[in-house]
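Bear in mind that the values here come from a model prediction, so they are computed numbers and not experimental data. Residue numbers start from 1 in every chain, and the chains themselves are labelled A, B, ... in the order their sequence lines are given, proteins ahead of strands.
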Amino acid sequence: MVSAYEKRRLENIKKNQELLASLGFGLDRPTLEPIEKRHKKPSAPRKRKIEHESPLSEEEEEVQGAETKAPRVQLSDTAPESAVRRSSRNAGKVVDYNKEIIKGSPVPVAYSSGVKNAENAGPLGSEAGSKRIHDPKQYGHIPGIEVGTWWESRQGCSADAVHAPWVGGISGGAQGAHSVVISGGYEDDVDDGYLFTYTGSGGRALKGTKSAPKNLRTAPQSSDQNFEHTFNRMLKKSCETKKPIRVVRGFKSQSKYAPSEGYRYDGLYIVEKAWIEPGLKEYLVCKYAFKRLPGQPPLPVRATDIDETSEEDNVKEDETIENEDNN
DNA sequence: GGGCCCGCAGGG
DNA sequence: CCCTGCGGGCCC
């Protein structure tokens, strides 16, 4: 039995994947090998899902090797957008830093925010109360910030001028967006690393309702998005001007190209296409297809099996890729 | 672990 | 000034 929500989600994903495949013809996509295969605790036998409904292009399979999993997204039918918060999960966690580094990366890439003051952290982002020395309102790379730079939180990312807002996913100016953060807030977005779809902002009841007023920073989708919205208009402009956009991937994204912890600068992309489509929950959303500019360091790939010292996290993470087969 | 609500930076 | 935003910390 597949719920209407799940059906819609899979349809949207498939549509977005097809679009990305059409845009990605001939695109070179070097990736870094994941760090050594990790051991997973032998717990209860798990059903491995074989994906059929969202086939990847040959090109993608070549890159991903034997991994042909669908994006790891939340599959809850009841409260999908509330199940991704885990900001305090690192409290007291001890991580072996050396094992978190990928060989061959231009800068050490961490897979865990257990890293404190690591050499891969942004120059200012690791220092409390540091003052910004570069202007985030510019297009292209920020001087001194290498692709692969990692921050524990978005505060550091902002201090290093890569993405200014602490909360919003889109930042920009008259010629288009300067930077975006992939944060996994939209379940039908597809991330193939060198290409990804991105959903605009707006259409959320941040103030709550009249009877129950709130002052939230994020909230579930409750109305249509449109291109008149400031940030959505910026990204549409980006599609016209082809100005480069800094892209940061955050741990909340379930993509295999996203860090499992913290936030990582993944370099410059352009917006190839902008359109409006029905999102999940019936509301229209603004969608964008991003494409990575060539000549940048390869993208790291998240290790498949994460060796968590605490088992509850391990189980929880793994369950997100399980699902009843819809056959 | 979930709900609440805060500061902050940016855009208009 | 105002309002907004795919954070995050605190309290429960």
Side-chain angles (χ1 to χ4, degrees), chain A residues 71 73-74 76 78-92 113 124-125 128-132 134-138 151-191 196-209 212-223 225-226 228-235 237 246-255 258-259 261-263 279-281 283 285-288 290 310 312-313 315-317:
Chain A
V73 292
Q74 294 291 334
S76 165
T78 50
E81 57 278 305
S82 65
V84 293
R85 300 190 55 161
R86 40 175 188 166
S87 57
S88 61
R89 70 194 292 254
N90 305 310
S113 63
L124 295 180
S130 51
K131 203 166 183 202
R132 191 183 282 157
H134 291 292
D135 182 11
K137 294 171 66 58
Q138 57 178 301
W151 301 269
E152 184 171 13
S153 82
R154 286 179 56 170
Q155 188 171 354
C157 186
S158 177
D160 283 320
V162 171
H163 183 75
W166 285 26
V167 176
I170 305 167
S171 178
Q175 305 241 64
H178 299 124
S179 56
V180 299
V181 176
I182 299 176
S183 199
Y186 295 87
E187 295 183 273
D188 47 357
D189 276 334
V190 174
D191 185 3
F196 63 88
T197 63
Y198 194 81
T199 303
S201 56
R204 296 167 184 249
L206 298 174
K207 292 176 160 182
T209 62
K214 294 185 191 253
N215 184 21
L216 301 171
R217 297 297 177 269
T218 65
Q221 206 73 36
S222 57
S223 62
Q225 294 182 2
N226 58 64
E228 281 70 60
H229 183 283
T230 308
F231 299 125
N232 299 341
R233 192 175 59 235
M234 278 180 195
L235 283 179
K237 188 75 178 177
R246 294 183 296 275
V247 169
V248 173
R249 281 186 172 83
F251 70 95
K252 286 184 184 175
S253 166
Q254 300 297 320
S255 160
E261 302 291 346
Y263 297 84
L280 300 167
K281 309 178 83 174
Y283 300 111
V285 293
C286 298
K287 299 281 284 197
Y288 308 89
F290 280 67
S310 59
E312 62 276 10
D313 266 356
V315 171
K316 182 142 198 170
E317 289 250 332

What nucleotide among C:dC6, B:dC5, B:dG12 has an atom nearest to a side-chain atom of A:S183? C:dC6
Is a side-chain N or O of A:T197 found less than 3.5 angstrom from the main chain of A:V190, in a donor-acceptor match? yes
Set out, line by line, the N/O atom pairs under 3.5 Å between protein and nucleotides 8-10 of chain B.
{"from": "B:dG10", "atom 1": "OP1", "to": "A:R132", "atom 2": "NH1", "distance (Å)": "2.8"}

Is the side chain of A:Y263 donor-acceptor paired with the backbone N or O of A:Q155 at a distance under 3.5 Å, no angle test? no
Starting at the 5' end of DNA chain C, what dot-bracket string do you get if Watson-Crick and G-U pairs under 3.5 Å are bracketed, crossing pairs use [ ], other-strand pairs use | and unpaired bases use dots? |||||.||||||
Rounded to whole Å, the CD1-C1' distance (A:I170 to C:dC6) equals 9 Å
Distance-minimising heavy-atom pair for A:A164 and A:S158: O-OG, 2.5 Å
Would you name the heavy atoms of A:K137 and A:G172 that are closest together and state the gap between them? NZ-O, 4.1 Å
Taking the six-membered ring for Trp, is the centroid-to-centroid distance between A:F196 and A:F290 below 6.0 Å? yes
A:L235 backbone acceptor or donor facing A:N232 side chain under 3.5 Å: no
Need one value for A:Y263: base, sugar-phosphate or nothing, where a base atom within 4.0 Å counts as base even if backbone is also close, heavy atoms only. sugar-phosphate
With side chain to side chain contact (heavy atoms under 4.5 Å, CB included) as the criterion, how do A:R154 and A:V248 come out once you've worked through the C-alpha distance, each side chain's angles and the decisive distance to 0.1 Å? CA-CA 10 Å; A:R154 286 179 56 170; A:V248 173; over 6 Å; no
Kindly determine whether A:D189 and A:I182 satisfy side chain to side chain contact (heavy atoms under 4.5 Å, CB included), including the steps that lead there. CA-CA 10 Å; A:D189 276 334; A:I182 299 176; over 6 Å; no
In this structure, how many angstroms lie between the P atom of C:dG8 and the CD atom of A:Q155, rounded? 9 Å
Look at the side-chain N and O atoms of A:R233 and state whether any lies under 4.0 Å from the OP1 or OP2 oxygen of B:dG12. yes
Rounded to whole angstroms, how far apart are CG on A:L216 and P on C:dG9? 18 Å
Within the structure shown, what part of the strands sits under 4.0 Å from A:H229 by heavy-atom distance: base, sugar-phosphate, or nothing? sugar-phosphate
Whole angstrom is fine here: how far is it from CG in A:N215 over to C1' in C:dC3? 10 Å
Atom NZ of A:K214 and atom P of B:dG2 are separated, to the nearest Å, by 16 Å
Chi angles and distances behind the side chain to side chain contact (heavy atoms under 4.5 Å, CB included) call for A:Y198, A:I170: CA-CA 10 Å; A:Y198 194 81; A:I170 305 167; 3.8 Å; yes
